[in-house]
Visitor: 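Sharing a structure with you now.
The sequence lines fix the lettering, A, B, ..., with proteins before strands; numbering per chain opens at 1.
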Amino acid sequence: MSTLFQQLVNGLTVGGIYALIALGYTMVYGILKLINFAHGDLCVLGAFIGLTVITSLGGASGSPEIWVVGLAFVAAIIAICCAGVVLEFAAYRPLRNAHRLSAVVSALGASMMIENGIMLIWSPQTLVFPQGVLPQISWHVGGVVITFTQLMIIVISLILMASLYLYVNHTRFGTAIRASAIDQDAARLMGINVNRVIVSVFILGPALGAIGGLFIGLYYRQAVFDMGWTYGLNAFIAAIIGGIGNIPGAMLGGLLLGLFNALAGGYISSTWQQAITFGLLIAILLVRPTGILGERVAEKV
Amino acid sequence: MHKKLAATLAACSLAIAPVTAMASGTVTFGVQAPITGKYANEGQGIEKAVKLLAKQQNADGGLIGKTIKVRVCDDEGKATQAALCARRLSNAGVFAVIGSYTSGAASAAQPVYARANIIQTSDGTADKLTQRGFKTFFRNAPPNSAEAKFTGNYLVNVRHFKRIAVVSDHSSFAKGLGDAVEKAIKANGGNVLTRAYIKSGSQDFTSVLTSLKSKHPDVIYFSGYYSDGGLLRAQEKQLGMDVPFVGGDANQNVAFAKIAGKAAKGTIIINVPAPENLPYKAAKQFISAYKKAYGSAPPSIYTLTNADGMRVIMKAVQETNSLDPNTVENYLHNKIQKFPGITGPISFSKNGERIGSAFQAFEIQADGSYKTIYPKQ
């Protein structure tokens, strides 16, 4: 029994990270009907910026330095928000009225540019996060081990998801975001600055992505320039499972995917983990072509 | 007019061609190694070692009077890229190739070099590398089967482990070594509790480890590479598992301890002696030259076995005074006897297998250094 709960804790941790990244895909898709393939690489860029801050300000002592980690998060979020806005201006805005495929190609190009940029700046090698910048505490609850890092990831992701949900559903600007997602022309006629909404989505998504990316780095204590593709793909699947364009869907999809991956790896075969994940995606799409929450909610964001 | 000119040019080039070949005082050694990617650390070590040896030899008057040139191709540790590298290097007319680091990449390149009659020396330890009948291939590190024999004896008869979990990734090297170790454990009358697999590079091994934990092994043996091994060890500790971790030879890299962090302490790695523990004169000289040239120690023993591969090829060229691949291959197969290598005496069997080399078990200390714990010294 403790094995099952341990797998659930492991799965929830990864699931929280997937959900944070998936939100970036789903929000952009909700407004622009565009899959932002560069999103996974933006998250990785966040991990690298965080790593640079941590190693240049501390990490040598081996004792917990919460403020350094906090600063790393702030720096990563600011940098990735800027990168997101630049991406929108340079790669997507000029193609706003072009064929949809052009924007997808532009997204793939941006993804390669960011990935190779990271490789050129930080080297192609696996970089290691210093140990001990976060408290090395773990709790044993009936045979299940939860580390401080895991708890931090689960709690912060849940808080962020809840805040985003409240922001989008209960504020004026959130209403504008939802309106732009339903009908951009009508929203414009109602006096909503749709371009500002689009920029805001390219700030919110990457901000969450940067946090997700830094979580990956802190949890596995590793960063490699090309890991954006794997995490991006998984988060993209999570967004589709939940119903792309739907914010609660991305959260649900991320958590489900993390749990499913852990259980499949633990009880069936870690060799087939990826294949099983894609099998799940196909099965869900066969039964519900728009994803789990895709149809129930009228407005898509 | 034009015809005449063309004919003259053709005649000229015909006349010149053999002359340039003889007068060109260079011989090219290829390096096929993972310069980028997961095993970049190892690949760059091999590149540096080969370039250093070439520089030393050139300063010494070259190889039988010819200047050594080095040409590097990055195979990223991938089989597909390795086949491309092999074509690129053979098109460039290299005499011999050092590499690659991974068995998978070395094996993909083997047939290309064999067809072009280019001598290849690799540290790839998968047993099948020397079983394919390529007379151009020389393994410069001991094979998996020798390591497996040592490991099986160590786990069962020395440490008396009763519930051994064998973990591998899906690379041809790790799977081959894992299979061989499993066989060796059984041959020693030991018990393999379970066989588990991880996906190399996937970073999250907690699901595999959690299901391992529920089976209560008394030791985890991992046959894969250091980048995954370090994480596996860290996550094992994170899950509160307190069983010894024994890693195969590819875990011996300075990066293992960095990745595993505090969890690295107590890890046991089975391999031929670490670079700094090699007792040979050639080793001390080469390592100090390497440190002087690059400001850091060689990343692992494989930098040195590959350097040995190059040194023994150069030795064969000098002894035979020939750059004919057949002559040199024949000399390497039959004549080289206990050549004093950096990693111990070198001889090759008829199928290009390196004969004789001693394995050891070392334990990683709190400061990341290695301490030999078996055989007792």
Visitor: Would you give the length of the straight line joining atom OH of B:Tyr370 to atom CD of B:Glu276, rounded to the nearest 0.5 angstrom?
Guide: 7.5 Å
Visitor: Please classify the contact between A:Thr3 and chain B as side chain, backbone, both or neither, with a heavy-atom cut-off of under 4.5 Å.
Guide: both
Visitor: For chain B, which candidate among A:Val128, A:Val144, A:Thr13, A:Asn10 shows the most heavy-atom pairs at distances under 4.5 Å?
Guide: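 The residue among A:Val128, A:Val144, A:Thr13, A:Asn10 with the greatest pair count is A:Asn10.
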Visitor: Less than 4.5 Å to any heavy atom of chain B: does that hold for the side chain of A:Ile216, its backbone, both, or neither?
Guide: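 Interface part for A:Ile216: side chain.
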Visitor: Are the side chains of B:Val72 and B:Lys51 in touch, meaning some heavy atoms are under 4.5 Å apart?
Guide: yes
Visitor: What part of B:Leu239 gets closer than 4.5 Å to chain A, counting heavy atoms only: side chain, backbone, both or neither?
Guide: both
Visitor: Taking every non-hydrogen pair under 4.5 Å, which of A:Thr147, A:Asp226, A:Thr126 racks up the most with chain B?
Guide: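 Result: the option with the highest number of such pairs is A:Thr147.
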Visitor: Of the backbone (N, CA, C, O) and the side chain (C-beta and beyond), which part of A:Tyr267 lies under 4.5 Å from a heavy atom of chain B, both, or neither?
Guide: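 Neither part, no heavy atoms under 4.5 Å.
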Visitor: Of the listed residues (B:Ile259, B:Thr36, B:Val208), which shares the most heavy-atom pairs with chain A below a 4.5 Å separation?
Guide: B:Ile259
Visitor: Can you confirm whether B:Leu232 sits close enough to B:Val167 that some side-chain heavy atom of one is under 4.5 Å from a side-chain heavy atom of the other?
Guide: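 The answer is yes, as the side chains (C-beta and beyond) meet within the 4.5 Å cut-off.
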Visitor: Less than 4.5 Å apart, any side-chain heavy atom of A:Ile66 and any of A:Pro135?
Guide: yes
Visitor: For A:Tyr25 and A:Phe236, take the angle between the two ring planes, folded into 0 to 90°, and tell me which bin it lands in: parallel under 30, tilted 30 to 60, perpendicular over 60.
Guide: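 Because their plane-to-plane angle lies in the 30° to 60° range, the rings of A:Tyr25 and A:Phe236 count as tilted.
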Visitor: Counting only heavy atoms closer than 4.5 Å, note whether A:Met119 contacts chain B via side chain, backbone, both or neither.
Guide: neither
Visitor: Do A:Phe73 and A:Phe215 have their ring centres less than 6.0 Å from each other?
Guide: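 Yes, ring centres under 6.0 Å apart.
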Visitor: Checking heavy atoms, do the side chain of A:Tyr231, its backbone, both or neither come under 4.5 Å from chain B?
Guide: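 Contact with chain B involves the side chain of A:Tyr231 alone.
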Visitor: Only pairs of heavy atoms separated by less than 4.5 Å count here; which of B:Gln238, B:Lys38, B:Lys258, B:Gln203 has the most with chain A?
Guide: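 Answer, by heavy-atom pair count under 4.5 Å with chain A: B:Gln203.
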Visitor: Are any side-chain N or O atoms of B:Ser214 and backbone N or O atoms of B:Ser211, one a donor and one an acceptor, separated by less than 3.5 Å?
Guide: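 Side chain of B:Ser214 to backbone of B:Ser211, a donor-acceptor pair under 3.5 Å: yes, one is there.
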